[in-house]
Number of protein chains: 2
Amino acid sequence: MTTTPASTAAAKRSAGAADGGRDRAKRADALRNVESIVAAATRVLATDPDASINEIARAAGVGRVTLYGHFDSRATLVREVVDRAIAQTDASLAEVDLDGDPREALARMLEATWHLTHRFGALVVAGSQVLPPEEMRRAHDGPMARARDVLERGRAAGEFRADMPVEWQLSVFQAILHGASAAVHRGEITADDAPALVRDTTLAALSA
Amino acid sequence: MTTTPASTAAAKRSAGAADGGRDRAKRADALRNVESIVAAATRVLATDPDASINEIARAAGVGRVTLYGHFDSRATLVREVVDRAIAQTDASLAEVDLDGDPREALARMLEATWHLTHRFGALVVAGSQVLPPEEMRRAHDGPMARARDVLERGRAAGEFRADMPVEWQLSVFQAILHGASAAVHRGEITADDAPALVRDTTLAALSA
DNA sequence: CATAACTCGAACACCGACGTACAGTTTATG
DNA sequence: CATAAACTGTACGTCGGTGTTCGAGTTATG
């Protein structure tokens with residue numbers, strides 16, 4: 001082989017989040033290309049989850065063969081992209097303060113989640129087509145559990161309406177986020193206006 | 001040729017909505033099969049917009065070749081399915097009373113639209129991948145225009161909040177419908193509960 | 001009941017995307 | 001600057017989906 005496969009599935013699993021130490025030192029340009037590819041893949045797949053390897057390689061400014069030098073298969077690449085997205089999602093949401101007034105706490109969660117939804121978009125679709133569904137579940141269960149906690153605390157305090165299932169309210173939470181992302185993509189609203197609209201609308205929908 | 005192509009693209013265009021008179025009399029079982037195919041295609045594509053011809057034929061209890069005897073190509077079939085869906089959508093929404101209290105009028109629109117969204121689901125996706133985007137636009141512009149009228153009337157009357165763009169409120173309208181359909185599909189809520197939840201939540205989100 | 005219409009499965013060519021192999025060139029690094 | 005690592009395009013085999021053809025069997029209809 002002419003190029004060194006950067007990562008088998010097993011190696012990836014152990015590599016963890018970012019640029020952990022590899023077996024042997026990798027050349028600087030190789031590292032840079034891997035980053036370009038992952039970044040491009042994230043960008044492209046977030047818009048079109050069915051994008052071909054060719055499109056992704058072109059978007060990364062890299063030959064198709066080069067991409068295969070770093071990722072065994074399309075599935076491997078998607079897994080890497082999704083793993084990073086999940087990592088960043090967990091990191092971003094971990095630093096959201098869930099205490100205090102439930103309405104304000106939910107507003108903070110909406111703000112943080114909006115940016116993630118907007119950035120990653122349809123990436124969850126690309127993941128679902130390749131990765132085992134159980135893996136996707138886990139990625140969404142974390143954030144949803146946090147939102148559920150805030151929601152239930154607010155319902156107990158009489159600030160959120162309790163005449164509908166919490167599951168449904170979580171669906172609404174997701175639906176409005178997703179709808180806002182689509183609206184921005186369609187050019188109906190600007191990305192700057194989105195956070196406030198999402199916040200006001202969702203709070204209105206869920207408040208008692 | 002062993003089978004008579006039931007419909008070229010041109011013939012379809014002139015055939016209009018349902019079972020208009022064909023050139024020559026078609027046999028009864030052929031007609032029945034065409035219906036089975038369209039029904040199955042609607043059912044399958046509403047769930048998986050990327051379903052193959054094979055899956056659709058199997059779902060219709062018909063051989064793949066038989067399907068091609070009635071529809072020139074996948075695109076032709078999708079067009080027929082989408083055309084029928086649009087026709088039924090227009091028919092269902094046409095008989096919704098838009099007058100009277102804006103909130104109640106919007107509730108009636110939500111009720112009617114919910115059934116359509118639930119039945120047709122991802123069919124719009126299948127259409128977008130095959131038909132010219134302009135054709136899909138037209139299908140959604142009608143219903144959306146009606147909703148916009150009710151919305152604007154309600155805003156003027158002070159019943160709907162006017163501190164956010166109407167376009168955004170229409171996006172919310174769509175998003176909650178779509179989210180409810182997804183929630184039902186995931187089994188989080190039942191199809192029976194959905195209409196009331198959609199109505200209550202959307203009205204809460206948009207009311208002043 | 002005889003004929004024409006319809007259905008069916010198998011087989012074929014076509015196409016696009018995936019993944020691999022090879023050979024030549026560029027470039028990072030010691 | 002010499003060497004090995006990395007990048008590149010071309011070409012190839014594979015796979016799944018599409019659309020067509022054929023020949024034989026079935027069924028509606030006059």
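Chain A is the first sequence line, chain B the second, and so forth, proteins listed ahead of strands; every chain is numbered from 1. What you see is a predicted model, and the numbers here were worked out from it, not measured in a lab.
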J.: Return the CE to CD1 distance between B:M136 and B:I86, rounded to the nearest 0.5 Å.
T.: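 These two atoms lie 5.0 Å from each other.
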
J.: How close or far is atom P of D:dT8 from atom CZ of A:R58, stated in whole angstroms?
T.: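 It works out to 14 Å between those atoms.
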
J.: What's the shortest heavy-atom distance between B:G127 and B:V82, and which atoms?
T.: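 Heavy atoms of B:G127 and B:V82 come nearest at CA-CG2, 4.1 Å.
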
J.: Under the 3.5 Å rule, do the base of D:dA5 and the side chain of A:R27 count as making a donor-acceptor pair?
T.: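 It does, because a donor-acceptor pair links the side chain of A:R27 to the base of D:dA5 below 3.5 Å.
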
J.: Nearest-nucleotide wise, let me know which of B:D29 and B:I53 is further upstream toward the 5' end of DNA chain D.
T.: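 Closest to the 5' end, via its nearest nucleotide, is B:I53.
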
J.: What nucleotide among D:dA6, C:dT7, C:dG19 has an atom nearest to a side-chain atom of B:T66?
T.: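 Looking only at side-chain atoms, B:T66 lies closest to C:dT7.
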
J.: If you write DNA chain C from 5' to 3' in dot-bracket form, with Watson-Crick or G-U pairs under 3.5 Å, [ ] for crossing pairs and | for pairs with another strand, what do you get?
T.: ||||||||||||||||||||||||||||||

J.: If you pin B:A28 and B:S73 to their nearest nucleotides in DNA chain D, which one's is more 5'?
T.: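 In this pair, the answer is B:S73.
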
J.: Can you tell which of C:dA28, D:dG19, C:dC6 lies closest to the side chain of A:R32?
T.: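 From the listed options, C:dA28 comes nearest.
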
J.: Write down the distance between CG (B:D72) and C1' (D:dG19), rounded to a whole number of angstrom.
T.: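 So the two atoms are 10 Å apart, to the nearest Å.
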
J.: Does B:H140, at its NE2 atom, have more than 12 non-hydrogen atoms belonging to other residues, nucleotides or ligands within less than 6.0 Å?
T.: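 Open: at most 12 neighbouring heavy atoms sit under 6.0 Å from NE2 of B:H140.
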
J.: Grab the CD-C1' distance between A:Q129 and C:dC18 for me, whole Å please.
T.: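 Answer to the nearest Å: 15 Å.
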
J.: So, is B:H70 close to the C:dC6 phosphate, meaning a side-chain N or O under 4.0 Å from OP1 or OP2?
T.: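 So the side-chain polar atoms of B:H70 never come under 4.0 Å of the phosphate oxygens OP1 or OP2 of C:dC6.
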
J.: Rounded off to whole Å, could you give me the NZ-to-P distance for the A:K26 and C:dA28 pair?
T.: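 These atoms are roughly 15 Å apart.
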
J.: Within the supplied structure, the quantity of interest is the number of heavy atoms (other residues, nucleotides, ligands) at a distance under 6.0 Å from A:R119 CZ; does it exceed 12?
T.: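 Atom CZ in A:R119 is not packed in, count stays at 12 or less.
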
J.: Look at the rings of A:H178 and B:H178 and say which category their plane angle falls in: under 30° parallel, 30 to 60° tilted, over 60° perpendicular.
T.: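 It falls in the parallel class, under 30°.
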
J.: Compare every heavy atom of A:I56 with every heavy atom of A:I37, then report the nearest pair and how far apart it is.
T.: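 Scanning both residues completely, I find the closest heavy atoms to be O-CG2, 4.4 Å.
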
J.: Given C:dG19, C:dG9, C:dT29, which nucleotide is nearest the side-chain atoms of B:V65?
T.: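 Of the candidates, C:dG9 comes closest.
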
J.: If I take atom CG in residue B:L67 and atom P in nucleotide C:dG9, what distance separates them, rounded to the nearest angstrom?
T.: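 Rounded to the whole Å, the gap is 13 Å.
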
J.: Check if the side chain of A:R64 and the base of D:dG9 share a donor-acceptor pair of N or O atoms closer than 3.5 Å.
T.: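 Between D:dG9 and A:R64, which were checked side chain against base, a qualifying N/O pair under 3.5 Å is absent.
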
J.: Would you mind reading off the distance between A:N54 atom CG and D:dG9 atom P, rounded to a whole angstrom?
T.: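 Rounded to the whole Å, the gap is 10 Å.
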
J.: Check B:A105 against B:R153 and note the closest heavy-atom contact, atom names and distance.
T.: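 Smallest heavy-atom distance, with atoms named: CB-NH2, 4.3 Å.
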
J.: To the nearest Å, how far apart are A:Y68 OH and D:dA11 C1'?
T.: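 Taking atom C1' of D:dA11 as the reference, OH of A:Y68 is at 15 Å.
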
J.: Do B:K26 and B:E35 pass the salt bridge (charged side-chain N to carboxylate O under 4.0 Å, His left out) test, and can you show the C-alpha distance, the side-chain angles, and the key distance before you say yes or no?
T.: CA-CA 13 Å; B:K26 297 198 57 176; B:E35 292 312 305; over 6 Å; no

J.: Taking only side-chain nitrogens and oxygens of A:S52, does any of them come within less than 4.0 Å of OP1 or OP2 of C:dA17?
T.: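 No, no such contact exists.
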
J.: Using whole Å, report how far CD1 of A:I56 lies from P of C:dG19.
T.: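 Atom CD1 in A:I56 sits about 11 Å away from atom P in C:dG19.
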
J.: Which listed nucleotide (C:dT7, C:dC8, D:dT18) is nearest to the side chain of B:N33?
T.: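 In terms of side-chain proximity for B:N33, the closest of C:dT7, C:dC8, D:dT18 is C:dT7.
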
